[in-house]
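First comes the structure, then the notes that go with it.
Any value given below was found using the heavy atoms of this structure, including those in side chains, with hydrogens, waters and symmetry copies removed.
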Amino acid sequence: MKMDIAFGQYCHGDSVLHRLDPRVKIVTAIVFIVEIFLAKSAASFALIVAATVLLLALSGISPRIILRGIRPIVFVILFTAVINIFFVRGEKPLVEFWVIKIYPEGLINAAFIAIRIIVLIVSTSLFLTYTTTPIALTDGLEQLLSPLSKIKLPVHEFSMMMTIALRFIPTLIEETEKIMNAQKARGADFSTGGLIKRARALIPIMIPLFVSAFRRADELATAMECRCYTGGKGRTRLNVLKAGPADLIFALCVVALGAAVVLLNIYVPFFKVGIY
Amino acid sequence: MAIVELRGINFIYNKGTPYETHALKDVDLCVNEGEITGLIGPTGSGKSTLVQLINGILKPTDGDVILDGVNIWEQPKKIREARFKAGVVMQYPEYQLFADTVRDDIAFGPKNMGLGEEEINERVEKAASFAGLDPSVMSRSPFDLSGGQKRRAALAGVIAMEPKVLILDEPAAGLDPGGRAEVLGGLKKYQRTVGSSIIIVSHSMEDMANYCDRIVVMTDGKIVMTGTPSQIFARYNDLIGLGLDVPRVTRVAAALSRRGIDLGEVYTVGYAVEKLSELL
Ligand SMILES: Nc1ncnc2c1ncn2[C@@H]1O[C@H](COP(=O)(O)OP(=O)(O)OP(=O)(O)O)[C@@H](O)[C@H]1O
Ligand SMILES: [Mg+2]
């Protein structure tokens, strides 16, 4: 069992995308997702794909890393594509064979859905995970949500919990791998046998993992208390987020992209998709 | 005869990512049957990586691992056999404890081997005594033990599998001096009784001199010296150059010989005491 940790992992770099304000990145990522779902014709899809390729170029991240991020969901993409090919009905079948009828609409839908899922994954990971450290991300999120603290929602505490959780994901993965290796060295077998046997085989991993996670949490709490941490009240920040001209230009570009997508849908409606 | 043979091993962590680390470079190694082999080298020189290649926890990027005459990656399905032949105690192995009692935890390995109950019990008791575990802790929870006791329980868990090669990654790190001698002495006793081969990774030159038949020195993913302790420690200046050291008594003996008292080649305290009392 090899763990794939490429998806959702920060890739260090110093590109335009890396330097953008995390708040701007979070908001534009959401806008971009909406735009992906707005695209309904070949032309607007092409524009979205082009924008994603541009993002990739801006980020300076190797396409190989992106491909590795897509690999775990290839099955999902293929599955939805196949469903579309076989079950979408149109007017005139392209191929007819026994009970199977494949319509051109099905093929177009399948292609668009596949592109949509890939673009969705690639763009969100480019905006957020690959170019923004988890810490910057939760910082940005906290400030975006800070108006909610007016209605007594514990925004700071929530974002602190997020930060800590994100911070410890790689540690936990590393630890799981270490424990698995130690148990494998004692002949543990995780890959054969029925469901129950496999579930039982996880006990020697889960117990040490939980024990050390709780110990770690306890130690972290003590360390934070030793530094007089008492929560968000009256706390100032070390890194104050500041949006600059680059952020403004980037945000405008993303908004303009949305407008272009809508216009293309209306005025260049080749291969327009109807369903979903 | 060689029990472990590494041929042209290269190992790269995270190959094909920006975090690529070339941890082992063209490593060839032969470990003789029935010997205690010591593996030394500065931090990050690839000792732990090498150790995990021998029982197939890691797969070499390039090269062959021959264990007891079998190329372990020839039939990847049978890799578990390599785990039983080469028992590895990982660095800081305390985190591997999980069972309700120490006894059950030590029995985990033998159980995975499919041994009968009687044999398992026998092996557990034997392993516990080699690792220096007090019989009174056997029915306690492994999580209630002290650090040193946990270490011994983890050691016993691998010893109980009675592997042909026992491989220990810094078994004595963090133990008190008495515990250190006890654990290493127990290993030597185990080796004599069972007649298996042992590979020990350690940063302590004293331990190497006291317990090993042969020493392998690594730096920067490469093996730079192999030989008996006297051959290795005779290359005092080379070792210092690599950021390593020689046993302290060797330095004392060198200082004495500069002052006209020649003890010859001295690597262990016991031998130094013998030589000095001859002179007195
Ligand atoms: N899981 C891993 N992922 C990536 N790189 C690793 C991993 N484990 C070790 N390395 C790298 O491989 C190299 C060799 O590490 P290794 O753990 O084998 O050293 P070592 O000789 O055991 O050191 P020490 O004496 O500190 O235990 C180091 O540069 C280390 O950073
Ligand atoms: Mg190590």
Side-chain angles (χ1 to χ4, degrees), chain A residues 1-7 9-15 59-69 71 130 170-193 197 200-216 218, chain B residues 13-19 48-49 51-52 54-59 76-77 79-100 104-115 141-144 150 154 156-161 163 166-169:
Chain A
M1 208 187 317
K2 182 87 194 109
M3 251 171 271
D4 208 326
I5 52 170
F7 182 72
Q9 197 184 38
Y10 175 67
C11 286
H12 186 72
D14 191 31
S15 71
S59 72
I61 287 171
S62 140
R64 257 199 303 176
I65 295 177
I66 303 289
L67 284 182
R68 197 179 312 220
R71 209 184 306 153
Y130 285 141
T171 314
L172 281 178
I173 290 178
E174 199 176 291
E175 193 140 304
T176 313
E177 218 157 306
K178 235 171 65 173
I179 295 171
M180 267 173 83
N181 284 346
Q183 308 299 28
K184 270 195 219 159
R186 295 206 277 166
D189 183 4
F190 307 115
S191 47
T192 61
K197 183 161 173 268
R200 281 183 64 91
L202 289 181
I203 296 175
I205 301 174
M206 295 317 277
I207 291 178
L209 196 61
F210 273 102
V211 167
S212 89
F214 280 116
R215 203 204 54 232
R216 215 184 279 284
D218 206 35
Chain B
Y13 280 107
N14 304 317
K15 195 171 161 61
T17 71
Y19 308 103
S48 301
T49 310
V51 155
Q52 291 175 61
I54 297 176
N55 72 339
I57 290 288
L58 299 177
K59 188 175 179 186
K77 290 238 167 75
I79 196 66
R80 267 178 97 209
E81 281 170 21
R83 312 259 157 85
F84 297 135
K85 273 189 211 158
V88 174
V89 183
M90 306 276 190
Q91 198 165 8
Y92 299 107
E94 295 83 341
Y95 56 77
Q96 71 177 34
L97 303 173
F98 72 96
D100 294 337
D104 289 347
D105 201 280
I106 300 174
F108 181 66
K111 249 186 212 146
N112 285 331
M113 297 172 79
L115 300 175
S141 158
F143 299 108
D144 296 341
K150 277 186 193 164
V158 175
I159 291 177
M161 293 162 67
L166 179 62
I167 304 170
L168 307 128
D169 199 344

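A donor-acceptor pair is defined here as one N or O able to donate and one able to accept, closer than 3.5 Å; such a pair exists between the side chain of B:Arg80 and the backbone of A:Gly187.
Chain B forms the most heavy-atom pairs under 4.5 Å with one residue out of A:Ile207, A:Leu209, A:Ile203, and that residue is A:Ile207. The candidate from A:Ile205, A:Ile179, A:Asp189 with the greatest count of non-hydrogen atom pairs under 4.5 Å with chain B is A:Asp189. Annotation: maximal heavy-atom pairing with chain B below 4.5 Å, among A:Pro204, A:Pro208, A:Ala188, occurs at A:Pro204. Contact tally against chain A (heavy-atom pairs below 4.5 Å) for B:Lys111, B:Gln96, B:Met113: the top residue is B:Gln96.
For a residue to count as touching a neighbouring chain, one of its non-hydrogen atoms must lie under 4.5 Å from one of that chain's; by this rule B:Glu94 does not touch chain A. If you measure heavy-atom distances from B:Tyr95 to chain A, the contacts under 4.5 Å come from both the backbone and the side chain. Only the side chain of B:Met90 comes within less than 4.5 Å of a heavy atom in chain A; its backbone stays farther off.
Atom CZ of A:Arg64 is surrounded by 12 or fewer heavy atoms from other residues, nucleotides or ligands within 6.0 Å. Atom CZ of A:Phe210 is surrounded by 12 or fewer heavy atoms from other residues, nucleotides or ligands within 6.0 Å.
Considering NZ of A:Lys184 and CG of B:Asn112, their distance stands at 13.0 Å, rounded to 0.5 Å. A:Lys178 contributes atom NZ, which lies 8.0 Å from atom CD of B:Gln91 (distance to the nearest 0.5 angstrom).
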Problem set entry | From CA spacing to verdict: salt bridge (Lys or Arg N to Asp or Glu O under 4.0 Å), A:Arg186, B:Asp105 | CA-CA 11 Å; A:Arg186 295 206 277 166; B:Asp105 201 280; 3.1 Å; yes
